[in-house]
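In what follows, chains are A, B, ... by sequence order, proteins preceding strands, each numbered from 1.
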There are 2 protein chains.
Amino acid sequence: MPEMQDEFTPRQRAVLDKALGLLVEGGERALTTAGLARAANCSKESLYKWFGDRDGLLAAMIAHQASKVRARIDGGEKLDHGRFRAHLVDFANDLLQVLSGDVSLALNRLAIGQASREGSRLGALLIERGRRGIDKRAGALLEAGRQRGLIAYHDRDAAYHTLYGLIVRDLHVRMLLGEAGVRRLDNHAALAEEAVEQFFVLFGVRKEETASRDRT
Amino acid sequence: MPEMQDEFTPRQRAVLDKALGLLVEGGERALTTAGLARAANCSKESLYKWFGDRDGLLAAMIAHQASKVRARIDGGEKLDHGRFRAHLVDFANDLLQVLSGDVSLALNRLAIGQASREGSRLGALLIERGRRGIDKRAGALLEAGRQRGLIAYHDRDAAYHTLYGLIVRDLHVRMLLGEAGVRRLDNHAALAEEAVEQFFVLFGVRKEETASRDRT
DNA sequence: ACAGAACCGTACCGTACGGTACGATCAGAA
DNA sequence: TTCTGATCGTACCGTACGGTACGGTTCTGT
């Protein structure tokens with residue numbers, strides 16, 4: 001046994017991938033234990049042995065997917081205005097691309113559908129293992145920009161949420177609802193540019209007034 | 001028969017209200033035909049007679065709820081900057097209040113959960129009957145402000161979506177996921193104020209440069 | 001008062017799913 | 001080779017749901 005690098009064995013990961021495939025293709029109703037066993041050529045007994053019950057399987061799917069999408073951290077080269085802006089645009093593009101991905105949408109639909117049931121931790125799981133990385137990356141990026149005097153804010157979380165809102169707008173919910181035409185990825189680049197532009201209007205520091213503000 | 005004012009009879013509306021109650025309380029799984037018949041003191045046969053099948057019931061619930069929440073149109077008094085700003089803040093508060101409502105969240109969760117199945121029109125229905133009114137109101141408001149020279153934009157939809165993003169940020173998805181602590185309504189007022197503030201920074205027209213832009 | 005429709009409550013049917021049990025099969029260790 | 005453990009395929013069980021059928025009851029129009 002090669003010192004399990006993940007929290008799942010390769011076999012289990014293959015099964016989880018099949019499960020994600022079923023979920024993407026047909027939604028939660030298509031993800032049945034019997035169907036997964038048939039699609040993945042495994043037995044239902046193994047599924048219950050590995051993941052406990054169906055909820056455990058769903059949680060494992062989220063953990064597995066999160067372990068695949070590792071949020072990269074932007075290198076710490078010297079930041080001038082151009083590099084900083086480029087990093088923000090990259091972040092915006094990555095964010096839009098992730099949120100509009102098939103697997104992301106399917107998992108979010110799943111967690112949202114389960115959110116009504118009382119003891120459901122899927123939503124929290126999705127936020128913790130999926131969003132935390134993105135938030136960290138953006139937070140570090142904003143902090144770097146602030147320390148270089150390129151932007152100014154009083155509350156980093158508030159600034160980040162504003163940036164998020166400028167980028168995503170209502171696209172995420174519309175995509176989750178399945179509205180046709182929203183997933184045109186063509187516009188994403190333009191949307192990202194415009195969002196960052198607006199973010200600089202709100203939080204950018206003009207060169208002549210650099211270092212006129214302080215933290216809090 | 002008193003010339004059905006809605007598209008449903010009073011009896012049917014009462015049943016639909018019960019259905020919404022079940023949905024809010026226990027999610028989609030709690031909304032069974034037998035359960036609804038028991039809770040509403042009606043027969044399953046009547047349910048199928050009135051709404052066709054379960055999907056028809058869900059669609060009827062959305063239509064019924066939309067018919068209750070009539071988006072009011074702001075009166076057309078003379079707009080100065082103060083009134084315009086106040087109307088925008090009102091709109092932001094109303095939007096946050098609607099999106100964080102129990103019934104709205106439950107219906108959105110329902111439609112999102114069904115979005116994966118192919119022939120599901122619930123998402124489109126929710127957008128058409130729920131969002132259209134809000135969009136119209138905001139669009140009219142923005143257009144009035146532009147004609148008074150209080151704001152300037154090239155694309156009204158783009159401006160509206162930016163306003164929407166500034167107000168809602170990622171709150172809607174977080175609430176849909178059931179994250180605890182996001183539904184503190186206390187902050188809503190402050191969030192609305194800040195969003196409108198930022199919107200004016202992006203789209204506001206300084207008094208000295210009024211009427212320097214035109215439509216497109 | 002009477003007929004017909006609408007409606008209620010309950011019972012019923014077929015299906016599909018979550019979860020369990022069991023014999024057969026395969027892989028590795030002694 | 002033989003033993004042991006993990007896994008496969010299948011069969012099985014109980015339950016719950018969507019949808020239908022039916023007898024009894026209430027409402028409505030004439």
For [X] and [N], is the shortest distance between a side-chain N/O and OP1 or OP2 below 4.0 Å?
{"X": "A/Lys44", "N": "D/dT10", "result": "no"}
{"X": "A/Thr33", "N": "C/dG18", "result": "yes"}
{"X": "B/Ser46", "N": "C/dC7", "result": "no"}
{"X": "B/Trp50", "N": "C/dC7", "result": "yes"}
{"X": "B/Arg29", "N": "C/dC17", "result": "no"}

Nucleotide nearest A/Asn41 when distance is taken to its side chain, options C/dG9, D/dG18, D/dG9: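 My answer, after comparing the listed nucleotides, is D/dG9.
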
Candidates D/dA6, D/dG18, D/dG9 - which lies nearest the side chain of A/Lys49: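 Among the listed nucleotides, the one closest to the side chain of A/Lys49 is D/dA6.
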
NZ/NE/NH1/NH2 to OD/OE distance under 4.0 Å, A/Asp135 and A/Arg156: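 No, no charged N to carboxylate O under 4.0 Å.
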
Give the rounded distance in Å between these two atoms: [atom1] of [X] and [atom2] of [N].
{"X": "B/Arg38", "N": "C/dA11", "atom1": "CZ", "atom2": "C1'", "answer": "14 Å"}
{"X": "B/Asp55", "N": "D/dC17", "atom1": "CG", "atom2": "C1'", "answer": "14 Å"}
{"X": "A/Glu28", "N": "D/dC17", "atom1": "CD", "atom2": "P", "answer": "14 Å"}
{"X": "B/Leu58", "N": "D/dC17", "atom1": "CG", "atom2": "C1'", "answer": "14 Å"}
{"X": "B/Leu47", "N": "C/dC8", "atom1": "CG", "atom2": "P", "answer": "9 Å"}

Any side-chain donor near an acceptor of the partner, B/His172 and A/Asp170, under 3.5 Å: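 Per modelled atom types, B/His172 and A/Asp170 side chains form no pair under 3.5 Å.
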
No-hydrogen, no-angle side-chain donor-acceptor test under 3.5 Å, B/Tyr48 and B/Asp53: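 No, B/Asp53 and B/Tyr48 have no side-chain donor paired with an acceptor closer than 3.5 Å.
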
Any donor-acceptor N/O pair under 3.5 Å between C/dC7 base and B/Glu45 side chain: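 Answer no: no donor N or O sits under 3.5 Å from an acceptor.
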
Ring-face cation of A/Arg137 near A/Phe91 (centre distance under 6.0 Å, axis angle within 45°):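 The answer is no; the distance or angle limit is not met.
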
